[in-house]
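Read through the structure below, which is laid out as structure tokens, and then see the notes.
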Amino acid sequence: MSSRTVQTAPDRAAELVRLLKLNERREPAVVQIATWVGLGIIEGRLLPGEDLNSVDLSHRFRCSRTPVREALMLLEQEGLVEMRARRRPRVAAFTRKRVEDIYFVRQHLLALFGRLVAQNATAEDMEDLRARLREMETDAAAGDVDNYFWRHVTLQERMTEIAGNEALKTILDSLALRTLVLRHASLAQPGRLAASVADQVRIFDAIEQRDGELAAILLSRATVAAFGAIELSAWAEMQGEASADGGSQPAGTGSAAATQRGG
């Protein structure tokens with residue numbers, strides 16, 4: 001076993017704190033509120049277009065409305081919350097164009113990422129990745145979407161460290177919170193856990209064989225498949241309903257054209 005120990009269960013709150021850079025903040029209430037709301041949005045407990053009542057949140061966390069507003073503004077900067085004048089904050093909706101654009105960029109970034117991991121991974125790195133993959137296989141077999149999802153998030157974080165390119169890591173981190181909602185929605189679709197873990201095994205095998213080009217192709221294809229699952233999901237329909245008053249084309253339309261672009 002590698003000196004790096006794979007956690008029995010992913011620490012999802014710690015990962016969100018890292019992505020939001022909440023450790024840089026001194027106000028504990030801001031951290032608690034942003035983490036609770038952010039996890040609720042990512043894991044689908046807070047739905048697109050749902051109001052976020054600052055009074056209710058201040059009561060829940062026994063604080064004034066100031067840290068609530070600061071937490072919601074932070075989540076707005078990351079694309080998870082919408083705040084409009086004279087209206088309650090609400091869970092952000094994703095237009096189809098926004099989802100397509102995110103996945104188009106993510107597809108190409110992950111292809112580069114795969115090449116670098118295959119090039120730079122040490123024997124110890126491979127042992128660590130193999131242990132993480134085994135735990136993901138266990139979660140997939142148990143149908144545990146949340147554990148599998150967060151373990152996948154931390155797997156990719158570990159792989160960005162192995163890739164060794166700070167510029168690429170910074171760009172992927174900047175997209176991370178916008179993609180987490182989408183990635184969770186994709187994995188929640190019937191049959192997606194099994195398909196995803198099969199993709200991860202193939203990607204790992206390519207990396208282990210030092211075949212960077214194959215790893216890049218497999219990561220690209222896995223991203224396109226995830227995008228297709230999102231467009232066919234009930235989640236996409238909720239996005240459409242939530243964004244209807246904005247006049248934007250909802251996620252879940254035009255999947256053939258989007259998939260062609262993604263491929």
Side-chain angles (χ1 to χ4, degrees), residues 1-19 39 42-44 106-107 109-165 168-169 172-173 175-176 179-230:
M1 177 65 68
S2 167
S3 59
R4 292 179 177 270
T5 302
V6 180
Q7 296 176 341
T8 301
D11 189 342
R12 57 198 70 178
E15 182 63 12
L16 189 57
V17 165
R18 182 191 73 81
L19 290 169
L39 287 176
I42 290 165
E43 295 179 350
R106 182 172 170 78
Q107 174 194 353
L109 289 175
L110 288 181
L112 173 58
F113 160 93
R115 293 187 186 96
L116 291 173
V117 175
Q119 173 183 308
N120 295 330
T122 65
E124 184 181 9
D125 292 333
M126 295 308 301
E127 186 179 353
D128 181 33
L129 296 180
R130 186 180 293 108
R132 291 170 184 271
L133 184 56
R134 282 197 296 266
E135 298 228 0
M136 289 171 65
E137 289 176 308
T138 299
D139 289 336
D144 191 333
V145 173
D146 286 343
N147 258 15
Y148 179 90
F149 167 74
W150 286 106
R151 216 180 295 282
H152 191 195
V153 170
T154 57
L155 172 74
Q156 289 203 338
E157 165 62 14
R158 178 71 184 101
M159 290 172 74
T160 60
E161 294 174 359
I162 295 169
N165 186 303
L168 178 60
K169 185 179 187 304
L172 284 170
D173 276 354
L175 283 175
T179 62
L180 289 185
V181 181
L182 304 170
R183 289 166 64 187
H184 191 280
S186 170
L187 288 171
Q189 301 314 302
R192 276 297 298 157
L193 277 184
S196 176
V197 79
D199 286 340
Q200 299 311 307
V201 170
R202 286 190 287 268
I203 291 163
F204 176 85
D205 288 345
I207 291 170
E208 191 169 44
Q209 294 164 19
R210 305 296 179 182
D211 191 338
E213 288 307 310
L214 179 57
I217 290 168
L218 292 171
L219 277 159
S220 179
R221 288 177 178 172
T223 307
V224 171
F227 179 78
I230 289 168

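Predicted, not measured: the structure shown is a model, and the values here were computed from it.
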Output for pair (T138 OG1, L133 CG), nearest 0.5 Å, gives 9.5 Å
Is a salt bridge present between E161 and R158, judged by a nitrogen-to-oxygen distance below 4.0 Å? yes
Does the E127 side chain pair with the main chain of A123, one donor and one acceptor, at a distance under 3.5 Å? no
Residues M126 and A121: closest non-hydrogen pair is SD-CB, 3.6 Å
So, taking the atom named CG in L129 and the one named CD in E124, what distance separates them when rounded to the nearest 0.5 Å? 10.5 Å
Nearest 0.5 angstrom please: N165 CG to Q119 CD, how far? 10.5 Å
Which atoms form the tightest heavy-atom contact between A111 and A216, and what is the distance? O-CB, 3.3 Å
Can you check whether F113 reaches L110 side chain to side chain, under 4.5 Å on heavy atoms? yes
Quick check for you: to the nearest 0.5 Å, what is the distance between H152 atom NE2 and D139 atom CG? 12.5 Å
Checking side-chain contact (heavy atoms from CB on, under 4.5 Å) for the pair E157/D173: CA distance, chi angles, key distance, verdict? CA-CA 9 Å; E157 165 62 14; D173 276 354; 4.0 Å; yes
Side-chain H-bond candidate by donor/acceptor type, D125 with T122, under 3.5 Å: yes
Nearest heavy-atom approach of A222 to D199 is CB-OD2, 3.7 Å
Taking it one step at a time, do E135 and R132 satisfy salt bridge (Lys or Arg N to Asp or Glu O under 4.0 Å)? CA-CA 5 Å; E135 298 228 0; R132 291 170 184 271; over 6 Å; no
Applying salt bridge (Lys or Arg N to Asp or Glu O under 4.0 Å), name anything that partners R221, two or more places apart in sequence or on another chain. none
Between T223 and L219 (side chain of the first, backbone of the second, donor and acceptor by atom type, cut-off under 3.5 Å), is there such a pair? yes
Candidate pair V117 and I203, rule side-chain contact (heavy atoms from CB on, under 4.5 Å), full reasoning: CA-CA 11 Å; V117 175; I203 291 163; over 6 Å; no
Within this structure, what is the CD1-NE2 distance for the pair I230 and H184, rounded to the nearest 0.5 Å? 12.0 Å
Counting only N and O atoms by type, is there a donor-acceptor contact under 3.5 Å from the side chain of Y148 to the main-chain atoms of V197? yes
Could you report the tightest heavy-atom contact between R192 and A225, atom names first, then the distance? NH1-CB, 4.1 Å
Closest heavy-atom contact between A229 and Q189? O-CG, 3.8 Å
So, applying side-chain contact (heavy atoms from CB on, under 4.5 Å) with W150, which one of L39, V145, D11, D144 is it? L39
Take M159 and I207 through the side-chain contact (heavy atoms from CB on, under 4.5 Å) test and state the conclusion after the steps. CA-CA 11 Å; M159 290 172 74; I207 291 170; 3.5 Å; yes
Test side-chain contact (heavy atoms from CB on, under 4.5 Å), reference Q200, set L218, L155, D205, output is L155
Salt bridge (Lys or Arg N to Asp or Glu O under 4.0 Å) against R210, all qualifying residues, sequence neighbours excluded: none
Quick one: pull up OG in S196 and CZ in R183 and give me the separation to the nearest 0.5 Å. 9.0 Å
Would you name the heavy atoms of A206 and A215 that are closest together and state the gap between them? CB-N, 3.7 Å
Going through the distances and angles, do I162 and D128 end up as a side-chain contact (heavy atoms from CB on, under 4.5 Å)? CA-CA 11 Å; I162 295 169; D128 181 33; 5.8 Å; no
